[in-house]
Novice: 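I have a structure I would like to understand better, so I am pasting it below and will then ask my questions one at a time.
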Amino acid sequence: MVMGDLVREVDVAIAGGGPGGYSAAFRCAELGLEAVVVDATARLGGACLFEGCIPSKALLHVAAVMHDVEAAREFGLDYGPPRRSLDAMRTWKTERVVGRLARGLASVAKSKGVEVIGGRAVFEDSRGLRVEGDAPQKIRFKHAIVATGSAPAALPGIAAGDRVMDSTAALDLVEVPECLLVVGGGYIGLELGTVYAALGSQVTLVELTDGLLPGVDRDLVQLVARRVDKLFAAIHLKSRVVTLEQTGSAVAAAIDTRGVERFDRALIAVGRRAASDGLGLETTRARADERGFIRIDDRCRTEDPHIYAVGDVTGEPMLAHRAMRQGKVAAEVIAGRPAAFDNVAVPAVVFTDPEVAWCGLTETAAAAARRPVKIARFQWAASGRANTLGRTDGLTKIVADPESGRVLGVGIAGPGAGELIAEGTLAVETAALVEDLAATIHAHPTLSEGLMEAAETLLAPPR
Ligand code: FAD
Ligand code: NAD
């Protein structure tokens with residue numbers, strides 16, 4: 001490979017074209033900075049669009065429709081047993097959903113004058129990087145933003161095989177295995193476990209800790225736990241997969257609490273690791289921590305004054321909307337604007353059925369920090385809208401400061417929780433008071449009334 005023939009000079013070079021990278025690039029362009037994005041896949045979208053948020057939510061929608069059709073029997077609608085076509089599902093997910101959004105991002109880039117270069121970015125010093133790949137070139141920059149994201153973490157000592165899938169392989173939906181082992185009861189284990197179970201797999205989930213979604217408030221998790229208890233064939237908590245061997249078309253798993261069990265496929269969903277290896281960061285002053293996450297301050301600046309970092313490669317929470325916000329902050333700081341990633345609340349949504357969403361301070365975190373808080377809960381059994389939907393399996397809760405009445409956190413479990421959490425996020429971010437939520441008129445009958453109802457219970461005089 002002959003490198004260095006072509007040398008580009010730009011204001012901002014961005015390594016990685018996922019939500020963090022493309023948000024940074026678009027904001028740079030809006031602020032009059034020339035930005036190029038170098039992405040190994042030569043397209044914008046990243047893990048989120050091609051192997052994460054979007055394809056998983058497309059398949060979860062399929063699962064939700066199947067559930068709704070089934071549930072409709074209760075009110076007198078019977079469509080008979082579903083006939084599914086995996087080919088049609090894959091085509092819809094890949095071409096109609098992901099493909100459409102990818103074409104949209106490419107056209108936004110074009111209209112803003114953001115160039116996307118295909119290849120791997122490797123830093124050579126604090127002002128330059130080389131692009132390795134089919135079109136090798138060097139880029140000199142005034143500033144660079146590292147937005148290389150994350151990749152699935154492997155289970156230590158467990159070899160990959162075509163039947164031992166990570167989330168990317170699972171989203172390809174090659175087949176619906178009769179028996180599927182899911183290792184990890186976090187976001188991916190629950191979301192993709194739900195998809196496969198809805199499509200007909202017998203799902204066995206193995207989780208290391210003593211509950212699903214570790215760290216999330218138990219009263220919220222309980223609602224989804226009840227549902228997956230019915231949907232999945234088995235859930236083994238406080239359990240560990242010790243070995244996983246693929247022999248022919250089967251996978252034998254040794255589970256410490258169960259012995260050896262056989263499955264048709266396994267999905268490993270035990271977290272994600274930073275994609276910072278081989279980036280040449282050692283040639284710059286930017287530094288990563290012991291887990292490979294690049295250290296940044298609240299302006300997304302690394303220890304190198306020319307290099308910024310955003311998104312999953314900077315650590316948790318590894319969520320697309322955090323990456324996007326950081327991308328915009330980095331662009332604005334580079335443009336000399338007084339921006340900072342000083343958000344109080346980063347909402348989190350697990351798109352199971354029911355969905356689980358939270359933002360700001362959780363009851364669990366408050367207890368761990370011994371911080372006194374007031375908690376209000378509104379059970380959806382008392383919600384008019386939840387009853388009309390036949391979905392009373394929901395809970396809305398508020399975590400408030402007992403002195404000031406300020407809303408510190410909101411948690412919601414129930415269908416549509418992922419949409420409803422936006423109001424809670426706004427309340428936390430704008431330091432709203434419980435009184436503000438109680439006095440705001442919420443349309444009736446809607447699920448959004450839950451937040452108002454919860455707020456009212458906090459204001460009611462003690463009986
Ligand atoms: P990424 O999206 O990972 O993009 C990084 C890009 O950098 C990639 O395109 C990669 O090819 C490129 N790259 C890496 N190294 C180099 C290099 N050296 N040179 C050039 N290019 C490079 N988050 C949510 O908020 N909501 C969800 O519903 C959600 N669902 C998810 C479902 C799944 C199955 C998974 C796996 C993740 C999900 N996430 C979700 C997480 C979300 O995908 C990530 O938080 C988000 O993609 C991070 O964006 P990013 O820009 O930091 O990096
Ligand atoms: P996760 O951190 O959410 O969950 C991993 C789970 O695996 C944990 O419950 C952990 O206790 C368990 N675990 C770890 N080692 C284990 C072992 N050896 N055996 C059994 N269980 C083990 O990670 P994930 O589900 O892989 O998802 C990765 C990240 O991607 C998430 O943390 C999130 O940031 C992002 N994501 C977000 C969404 C969303 O926003 N809806 C969806 C999917 C992924």
Novice: Residues in salt bridge (charged side-chain N to carboxylate O under 4.0 Å, His left out) with Asp87, at least two apart?
Specialist: Arg90
Novice: Distance-only criterion, 3.5 Å: show the donor-acceptor pairs between side-chain atoms of residues 407-418 and protein atoms not counting sequence neighbours.
Specialist:
none

Novice: With sequence neighbours left out, write down each residue that passes salt bridge (charged side-chain N to carboxylate O under 4.0 Å, His left out) with Arg96, or none if nothing qualifies.
Specialist: none
Novice: Does anything in residues 147-164 form a salt bridge (charged side-chain N to carboxylate O under 4.0 Å, His left out)? List the pairs, not counting sequence neighbours.
Specialist: Arg163-Glu175
Novice: Check ring-ring contact (aromatic ring centres under 6.0 Å, His included) between Phe26 and all other residues, then give those that pass, not counting sequence neighbours.
Specialist: Tyr22
Novice: With Ser56, which residues qualify under side chain to side chain contact (heavy atoms under 4.5 Å, CB included), at least two apart?
Specialist: Leu171, Glu191, Leu192
Novice: Can you tell me if Glu207 and Thr209 form a side-chain donor-acceptor pair at under 3.5 Å?
Specialist: yes
Novice: Quick test of your reading: applying salt bridge (charged side-chain N to carboxylate O under 4.0 Å, His left out), list the pairs with at least one residue in residues 314-334, sequence neighbours left out, ordered by first then second residue.
Specialist: Arg27-Glu332
Novice: For a side chain to side chain contact (heavy atoms under 4.5 Å, CB included) with Ile268, tell me which candidate from Asp166, Leu244, Leu181 qualifies.
Specialist: Leu244
Novice: Could you list the residues that satisfy salt bridge (charged side-chain N to carboxylate O under 4.0 Å, His left out) with Asp217, not counting sequence neighbours?
Specialist: Lys397
Novice: Taking salt bridge (charged side-chain N to carboxylate O under 4.0 Å, His left out) as the definition, give me every residue that meets it alongside Arg100, ordered by chain and number, with sequence neighbours left out.
Specialist: none
Novice: Checking side chain to side chain contact (heavy atoms under 4.5 Å, CB included) between Gln326 and each of Thr314, Asn343, Ile145, Asp298, which is the one that passes?
Specialist: Thr314
Novice: What's the spacing between Thr41 OG1 and Leu44 CG if we round to 0.5 Å?
Specialist: 8.0 Å
Novice: For the residue pair His444 and Glu449, confirm or rule out a side-chain donor-acceptor distance under 3.5 Å.
Specialist: yes
Novice: Quiz question: by atom type and distance under 3.5 Å, do the side chains of His442 and Glu423 form a donor-acceptor pair?
Specialist: yes
Novice: If you count heavy atoms of other groups shown closer than 6.0 angstrom to CD1 of Ile441, is the number above 12?
Specialist: no
Novice: Only pairs at least two apart or in different chains count here, so list each side-chain hydrogen bond (donor to acceptor under 3.5 Å, both in side chains) that has a residue in residues 112-121.
Specialist: Arg8-Glu115, Glu30-Lys112
Novice: Under the salt bridge (charged side-chain N to carboxylate O under 4.0 Å, His left out) definition, can you give me all pairs with a residue in residues 226-250, not counting sequence neighbours?
Specialist: Arg227-Asp353
Novice: Using modelled atom types and a 3.5 Å cut-off, is there a donor and acceptor pairing between side-chain atoms of Asp11 and backbone atoms of Leu33?
Specialist: no
Novice: Only pairs at least two apart or in different chains count here, so list each salt bridge (charged side-chain N to carboxylate O under 4.0 Å, His left out) that has a residue in residues 146-160.
Specialist: none
